[in-house]
Amino acid sequence: MKCVFSAPQHKHYPESFLVNGLRQENPEMPGRIDKLLEGATALELEMVTPPDYGLGPIARVHTPEYLEFLQNAYKHWQRIPGAAAEITPNIHPTHRDGVYPASVVAQAGYHMADASAPITGETWESALHSAWSAIHASELVLVGEKSAYALCRPPGHHAGADLAGGFCYLNNTAIAAQNLRRKYGSVAILDVDLHHGNGTQDIFYSRNDVLTVSLHADPIRFYPFFWGHASERGEASGLGYNLNFPLPRGTADDGFLAALDKAITRINAFSPEVLVIALGLDAFEGDPFAGLAVTTEGYGRIGKTIAERIPGPTVIIQEGGYLCDELGQNLANFLKGFEAGATK
Ligand code: ZN
C-alpha cells in the first residue's frame with residue numbers, strides 16, 4: 001500500500017483552541033504528522049507525493065464562495081487594525097439564509113462553525129495539500145491499486161460544503177469519495193473517528209449514491225453535539241443512506257467491534273463498488289480527548305475486520321488522532337491488520 005503525503009501539510013500551526021471558555025493550545029498540531037509518519041515508515045509503506053490537482057476535484061464538494069474565503073480571508077483579516085494573528089469567529093448567523101456579508105469578520109462567522117478551526121497565514125496551503133493527498137490516494141485506486149492511504153493533515157470530516165469546524169477546512173474524505181464517483185457508481189464511507197463525521201454526513205445527506213456510516217462517541221454530551229445521533233438517516237432520495245452509531249463514553253474494543261459488525265452489514269447490503277475509510281485514531285484509550293477506549297491491539301482487529309468483510313478497493317483517509325506515544329503504532333496496527341485481512 002502506498003502512503004500519500006505532501007510536506008506543506010506541516011505549515012498550518014494554529015495556536016488557539018477554546019475549551020470551556022479558555023484559550024488553550026490547539027491539539028491539531030504539526031507534530032501529529034511526525035508520529036503518523038513513524039507508523040507509515042515502520043510498515044515500510046512506499047511514500048508518494050501528490051501532484052497539483054488544482055481546485056477542480058475540491059470544487060465538486062465545496063462552494064465557490066467558501067473556497068474564495070479560505071484562500072483570501074487571512075489577507076483581508078490582516079488589514080483590520082489590531083486584529084489577532086489568526087482568524088477566529090466572534091459572531092455567527094442564527095440563520096444562514098440572510099445576505100452574504102462583505103466583511104471578513106462576518107464571513108468568518110458564516111463559514112466557521114466553531115472556534116476550533118482558526119485560520120492562519122498557512123492554513124490554505126496546508127489544507128490544499130491535504131486535499132491533494134486524499135485526491136491522489138483516490139486516483140491510485142481509480143487506476144487499479146487495491147488500496148491506498150492518504151496521510152491527511154489538517155483533517156477534514158467536520159468540514160461541510162461551505163463550513164470549517166473541528167480542526168477541519170476541506171473535507172478530504174468527501175473529496176476523495178466524490179472523485180471516485182468518476183468511475184464507481186456507488187461509494188460507501190465508513191468513519192471510525194472518535195467524533196461524528198458531521199461534515200461528510202451533511203455533504204451527502206440527500207444522496208443515495210454515497211452511503212455514509214459513522215461510529216463515534218455519543219454526541220449527546222460530546223462534540224459535535226448537534227449531529228451524529230441515530231435518528232439522522234438521510235433525507236429525500238438519501239433517506240436510509242446515512243447511518244450513525246453513537247457509542248457510550250468509554251466503549252472499548254469489543255463494544256466498538258460489535259458496532260463495526262453492524263455497520264459493515266449495512267455497507268455490504270449497499271454493495272458499494274469502492275470504500276472510503278475515514279480513519280480517525282482518536283477513539284484510542286490514551287488519546288487526549290478520552291472519549292472511547294479502543295486499544296492499540298484493537299486497531300489491528302478493526303483494520304483486519306474491515307478488509308476481510310469489505311474486500312473491494314479501499315481508500316483510507318487520515319482524520320483525527322492526537323499526540324500520544326502510541327499514535328504511530330495505532331496507525332501501523334490498523335494498516336497492518338487491514339493488509340492481513342485483505343490478503344486472506
Ligand atoms: Zn476526531
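First listed ligand is number 1; within each ligand, the first listed atom is number 1. Counting from 1, the numbers follow the sequence of the chain as shown.
- Contact check on Asp34 versus Arg153 returns no salt bridge, with no Lys/Arg side-chain nitrogen under 4.0 Å from an Asp/Glu carboxylate oxygen.
- The distance from the Zn ion (ligand 1) to the nearest N/O/S atom of His216 is not under 2.8 Å.
- Between the side chains of Ser186 and Asp209, no donor N or O sits under 3.5 Å from an acceptor N or O.
- Taking the side chain as every heavy atom from C-beta outward, Arg32 and Tyr322 approach each other to under 4.5 Å.
- Of all N, O or S atoms in Asp282, the one lying closest to the Zn ion (ligand 1) is OD2.
- The Zn ion (ligand 1) forms the vertex of an angle spanning OD1 of Asp193 and ND1 of His195; to the nearest 10 degrees it equals 100°.
- Put simply, the residue from His216, His158, Glu319 that forms a side-chain contact (heavy atoms from CB on, under 4.5 Å) with His195 is His158.
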